[in-house]
Amino acid sequence: FPVTIKILVGKRSEYARKPRDYYPTPLAAVTPLAVHLPTAFTFAEPCAGDGRLIKHIKELHGNANCLWSSDIEPQHDSISCFDALNLSQTEVSNCDLIITNPPWERTKASGYLLHAMIERFSSLKPTWLLFDADWVHTIQSSELVKNRLCKIVSIGRVKWIEDSAGTGKDNCCWYLFDSNKAGPTEFYGR
C-alpha cells in the first residue's frame with residue numbers, strides 16, 4: 001500500500017524541514033551562551049549559513065573574533081564553501097573554540113551527521129553546539145555524554161522563522177563538547 005512520509009521540523013510540527021536544516025540563528029538563542037564564553041576568545045563557525053551566529057556573538061561579546069567561517073552551502077559572500085566534516089586542525093589552529101548551530105540530523109540514513117560533527121569538532125577544539133534539548137535523553141547520545149559533554153546551557157524554545165507567529169516546538173540547549181572532558185557534566189537551566 002502507498003505510504004506518505006512527512007519530514008518535520010520538530011516532533012509536533014507540520015512545516016516541511018528546510019534543506020540542510022538551514023535556520024538562521026536568532027539573537028535570543030545566543031544570549032544565554034554569552035556568559036559561558038571566555039572574556040576574550042577566537043572561534044571557528046563551520047556551519048555558518050549567512051553568518052548570523054557570528055554577528056550575534058560579536059554583538060554580545062566585544063572580545064570575540066571569528067577566524068574561520070564556512071558552510072556546505074554558504075548564504076553570504078563572506079562565508080567559505082567547505083564541508084564541516086572535513087574540518088581539520090589546519091582550519092582551526094588559531095581558534096580557541098568552535099561555536100555553531102549545526103544540522104540536527106542524526107539518523108542512520110544521514111550517517112548520524114550530528115554525532116559525526118560532535119566527534120570531529122570536539123577532537124579539534126572545545127565545541128559549543130546548539131540543538132534540541134531532548135538529545136541528551138536518547139540512547140544514541142550516551143557515549144558522547146559520558147566521554148565528551150562538559151556543559152549544558154538550556155535556552156528553551158526558539159523562534160527559528162522570523163515572520164512566524166510562534167516559537168519552535170522543541171526546547172533547545174547549547175552543549176559544550178571536548179574530547180579532553182574532565183569531571184561531571186555541568187547544567188545551567190533557565
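Sequence positions, counted from 1, serve as the residue numbers for this chain. Because the structure is predicted, anything quoted here is derived from the model rather than measured.
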Taking Y175 for the side chain and A133 for the main chain, is one N or O donor matched with an acceptor at less than 3.5 Å? yes

Is I98 close to F177 at the side-chain level, that is, under 4.5 Å between some pair of heavy atoms? no

Answer yes or no: is there a side-chain heavy-atom contact under 4.5 Å between R106 and S141? no

From the options L37, T42, I57, select the one residue that forms a side-chain contact (heavy atoms from CB on, under 4.5 Å) with L97. L37

Counting N and O atoms only, with roles assigned by atom type, does the side chain of W174 sit under 3.5 Å from a partner on the main chain of K151, one being a donor and the other an acceptor? no

Donor-acceptor contact below 3.5 Å, side chain H56 vs main chain T25: yes

Under 3.5 Å donor-acceptor, Q75 side chain and E73 backbone: yes

So, does R120 use its side chain to make a donor-acceptor pair with the main chain of A84 at under 3.5 Å? no

Set of side-chain contact (heavy atoms from CB on, under 4.5 Å) partners for C66, sequence neighbours left out: F43, E45, I54, K58, S69

Might you point out which heavy atoms bring E119 and L144 nearest each other, and give the distance in Å? CG-CD2, 3.7 Å

Check whether more than 12 heavy atoms from other residues, nucleotides or ligands sit under 6.0 Å from atom CG of D83, and answer yes or no. yes

Answer yes or no: is there a donor N or O on one side and an acceptor on the other, between the side chain of K181 and the main chain of V145, under 3.5 Å? yes

Spell out, as yes or no, whether a donor-acceptor pair under 3.5 Å connects the side chain of T185 to the backbone of I152. no

Can you give me the closest heavy-atom contact between P26 and V158, atom names plus distance? CG-CG1, 3.3 Å

How long is the straight-line distance from CG of L176 back to CG of L149, given to the nearest 0.5 Å? 7.5 Å

Would you say that V35 contacts Y188 through its side chain, given a criterion of any heavy-atom pair below 4.5 Å between the two side chains? no

Taken to the nearest 0.5 Å, the spacing of D178 CG from L124 CG works out to 11.0 Å

